[in-house]
Amino acid sequence: MTTHRSEFIRAVVERGYLHQCTDLDELDSRAAEGMITAYIGFDCTAPSLHVGSLVSIMLLRWLQRTGHKPIVLMGGGTTKVGDPSGKDESRQMLGDYEIAANMDSIKRVFSAFLTFGDGPTDALMVNNAEWLDDLRYIPFLRQYGSQFSVNRMLGLESVKARLDRQQPLTFLEFNYMVLQAYDFLELCRRHDCTVQMGGSDQWGNIVGGVELGRRVDGLSLYGLTTPLLTTASGAKMGKTAKGAVWLNEDLVSAYDYWQYWRNTEDADVGRFLRLFTELPLDEIARLEALEEAEINEAKKILATEATEMCHGEAAAATAQATAQSTFEDGAIGDQLPTVDLSLEALKTGFAAFDILYRAGLTATKSEARRLIKAGGARLNDTVIGAETQMIGFDDINNGVIKLSAGKKRHALVRAV
């Protein structure tokens with residue numbers, strides 16, 4: 001078994017963050033000999049990042065924790081182009097105002113995971129619009145376009161997959177990999193950044209930046225990617241029946257975030273503890289060896305550790321207490337998701353499938369109908385017998401109506 005010299009690369013390998021690296025041994029030596037600076041880019045396509053981005057954020061956190069400098073690159077410029085990686089269709093074109101608003105919202109989450117400041121290993125946040133917005137097209141093409149082979153670009157997975165599925169790829173999107181490569185060059189020139197990291201779908205773009213730096217400035221740059229995660233059952237990471245699991249608390253409450261991790265599949269517990277917490281590896285080995293009902297204790301630890309890191313110790317403790325009172329003590333926790341419906345509407349009543357959908361317990365009304373038919377829907381802890389059963393004012397108990405989808409998802413309906 002290879003023993004890595006640097007604490008950072010050991011953590012990357014042992015915890016499961018490594019998918020590919022352009023030269024792992026050389027990068028390991030550089031990290032062992034002194035501080036390295038590495039970056040990951042985040043485009044501003046939504047007002048929050050979701051759990052699917054958490055592997056990248058945790059990688060930056062481990063970089064800083066092991067004595068190196070992380071750069072968070074906000075894609076104020078590249079968002080205007082749109083990354084074609086992993087997409088069958090062009091991304092929605094956003095205006096400058098929407099991009100700026102999304103960026104301001106996204107920025108908030110990083111302070112929970114990284115320490116920003118002026119120290120040598122303090123994190124730095126940079127916006128690539130600083131250099132991309134003012135590029136002159138012809139000079140840029142002459143200086144950097146000649147460094148890219150269209151033949152090779154067409155063979156990159158992010159491009160090839162789109163074309164193989166006979167989905168159009170616009171010339172605007174085709175430029176994305178050139179701009180991302182140029183980002184790497186600029187960050188090296190401005191901040192001595194020598195490593196770009198990202199998801200495995202970014203491998204071609206990252207290698208493009210490594211090669212551009214070598215050809216233009218004679219730089220020794222490195223690329224490292226993380227695996228794209230799915231759950232043990234094959235589901236995409238960070239997706240639920242209610243939609244994406246956002247990192248910003250104004251979009252997904254700390255309670256719902258805690259519940260997402262609590263509902264982890266048994267087979268994923270050890271892997272997720274290594275990736276999404278900082279618990280020691282020997283403790284994780286002990287927890288993932290638990291079986292049957294005991295594995296639920298490991299899931300609670302995962303949920304609390306992950307929620308504390310993202311939302312703070314107090315929010316994690318409250319979420320855990322609410323879950324215990326709801327699931328173990330039979331009470332109605334005051335942090336459960338709550339939907340307000342008008343008193344007049346509740347006096348008229350809602351069909352069971354409709355109110356389950358309105359409460360956010362299912363993604364569609366059809367899904368709510370199927371849930372009821374399968375016996376998985378409950379009203380105030382009693383099984384709902386028919387999809388058209390009327391639910392309303394007479395079902396209010398202690399000021400709310402409690403609705404449940406299965407054993408783990410609950411919501412409250414409140415009259416206003």
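Numbering of residues begins at 1 and proceeds along the displayed sequence.
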- [ ] Please assess I384 against L371 for the test side-chain contact (heavy atoms from CB on, under 4.5 Å), listing each intermediate value before the final yes or no.
- [x] CA-CA 10 Å; I384 297 173; L371 179 70; over 6 Å; no
Open item on the list: I want to check a possible cation-pi pair here: R369 against F353, using under 6.0 Å from ring centre and within 45° of the ring axis as the test.
Closed with: yes
Task: Heavy-atom side-chain proximity of L273 to V269 below 4.5 angstrom - done: yes
Task: Ion pair R370/E367, N-O distance below 4.0 Å - done: no
TODO: For side-chain contact (heavy atoms from CB on, under 4.5 Å), just list the numbers for L185 and W131, CA-CA rounded to whole Å, side-chain angles, deciding distance to a tenth of an Å, and then say yes or no.
DONE: CA-CA 11 Å; L185 182 62; W131 53 83; over 6 Å; no
- [ ] Mind listing the closest non-hydrogen atom pair of A11 and W62 along with its distance?
- [x] CB-CE3, 4.0 Å
Task: Gap separating the CD atom of Q202 from the OG1 atom of T225, nearest 0.5 angstrom - done: 9.5 Å
Open item on the list: Tell me whether the count of non-hydrogen atoms from other residues, nucleotides or ligands lying under 6.0 Å of OH in Y357 goes above 12.
Closed with: no
- [ ] Please say whether more than 12 non-hydrogen atoms of neighbouring residues, nucleotides or ligands are located less than 6.0 Å from CD in E33.
- [x] yes
TODO: Output yes when a side-chain donor or acceptor of T338 lies under 3.5 Å from a complementary backbone atom of L412, and no otherwise.
DONE: no
TODO: Check for a donor-acceptor pair, side chain of K69 on one end and backbone N or O of D122 on the other, with a separation under 3.5 Å.
DONE: yes
TODO: Check step by step if side-chain contact (heavy atoms from CB on, under 4.5 Å) holds for L179 and D183.
DONE: CA-CA 6 Å; L179 297 178; D183 281 346; 5.6 Å; no
- [ ] Indicate the atoms forming the closest heavy-atom contact of P70 with T121, along with that distance.
- [x] CD-O, 3.6 Å
Open item on the list: Less than 4.5 Å apart, side chain to side chain, heavy atoms only: is that true for D25 and D23?
Closed with: yes
- [ ] Indicate yes or no: at least one non-hydrogen side-chain atom of V51 is less than 4.5 angstrom from one of M237.
- [x] yes
Open item on the list: For a quick test of reading the model, state the closest non-hydrogen atom pair linking L341 to L346 and the distance between them.
Closed with: O-CD1, 3.9 Å
- [ ] Test Q180 against every option in N128, T78, N205, D43 by the side-chain hydrogen bond (donor to acceptor under 3.5 Å, both in side chains) rule and name the one that passes.
- [x] N205
- [ ] Determine yes or no for a side-chain-to-main-chain donor-acceptor pair under 3.5 angstrom, with N248 supplying the side chain and S105 the backbone.
- [x] yes
Open item on the list: Over 60° means perpendicular and under 30° means parallel, so tell me whether Y144 and F140 are parallel, tilted or perpendicular.
Closed with: tilted
Open item on the list: I'd like to know if the side chain of T66 reaches the main chain of L63, judged simply by a donor and an acceptor atom lying under 3.5 Å from each other, with no hydrogens or angles considered.
Closed with: yes
Open item on the list: So, taking the atom named OG1 in T226 and the one named CH2 in W203, what distance separates them when rounded to the nearest 0.5 Å?
Closed with: 12.0 Å
TODO: May I ask you to decide whether K80 forms a salt bridge with D96, counting only side-chain N to carboxylate O separations under 4.0 Å?
DONE: yes
Task: salt_bridge(E7, R10) N-O dist < 4.0 Å - done: no
- [ ] Verify, without hydrogens or angle tests, whether E98 (side chain) and G95 (backbone) share a donor-acceptor contact under 3.5 angstrom.
- [x] yes
Open item on the list: Go through it in stages, so that I can follow the logic: the residues are T364 and S366, the test is side chain to side chain donor-acceptor pair (under 3.5 Å), and I'd like the CA-CA distance, side-chain angles, deciding distance and then a yes or no.
Closed with: CA-CA 5 Å; T364 65; S366 296; 4.8 Å; no
Task: Heavy-atom closest pair, residues H311 and L247 - done: CE1-O, 3.2 Å
Open item on the list: Please identify which of these residues, Q64, R61, R65, meets the side chain to side chain contact (heavy atoms under 4.5 Å, CB included) condition with T115.
Closed with: Q64
Open item on the list: Show, in sequence, the C-alpha distance, side-chain angles and deciding distance for T37 and D192, and conclude whether the side chain to side chain donor-acceptor pair (under 3.5 Å) test is met.
Closed with: CA-CA 7 Å; T37 300; D192 194 26; 5.7 Å; no
Task: Under 3.5 Å donor-acceptor, D28 side chain and I9 backbone - done: no
Task: Atom of C188, atom of C193 and distance for their closest heavy-atom approach - done: CB-O, 3.2 Å
Open item on the list: With a 3.5 Å distance limit and no angle check, can you tell me whether Y17 reaches the backbone of L275 through a side-chain donor-acceptor pair?
Closed with: yes
Task: Backbone N/O of S48 and side chain of R108: donor-acceptor pair under 3.5 Å - done: no
Task: Contact summary for S56 and G199, nearest pair of heavy atoms - done: OG-N, 4.4 Å
- [ ] For the pair F276 and W261, name the ring-plane relationship: parallel under 30°, tilted 30 to 60°, perpendicular over 60°.
- [x] tilted
Task: Check: E265 side chain, S233 main-chain N or O, donor-acceptor pair, under 3.5 Å - done: yes
Task: Donor-acceptor pair, side chain of T79 and main chain of C44, under 3.5 angstrom - done: yes
Open item on the list: Using the rule given for side-chain contact (heavy atoms from CB on, under 4.5 Å), can you reason through V252 versus Y260, listing the C-alpha separation, both sets of side-chain angles and the distance that settles it, and then say yes or no?
Closed with: CA-CA 10 Å; V252 169; Y260 171 77; over 6 Å; no
TODO: Drop me the distance from R271's CZ to R15's CZ, to the nearest 0.5 angstrom.
DONE: 15.0 Å
Task: E313 atom CD, neighbour heavy-atom count above 12 within 6.0 Å - done: no
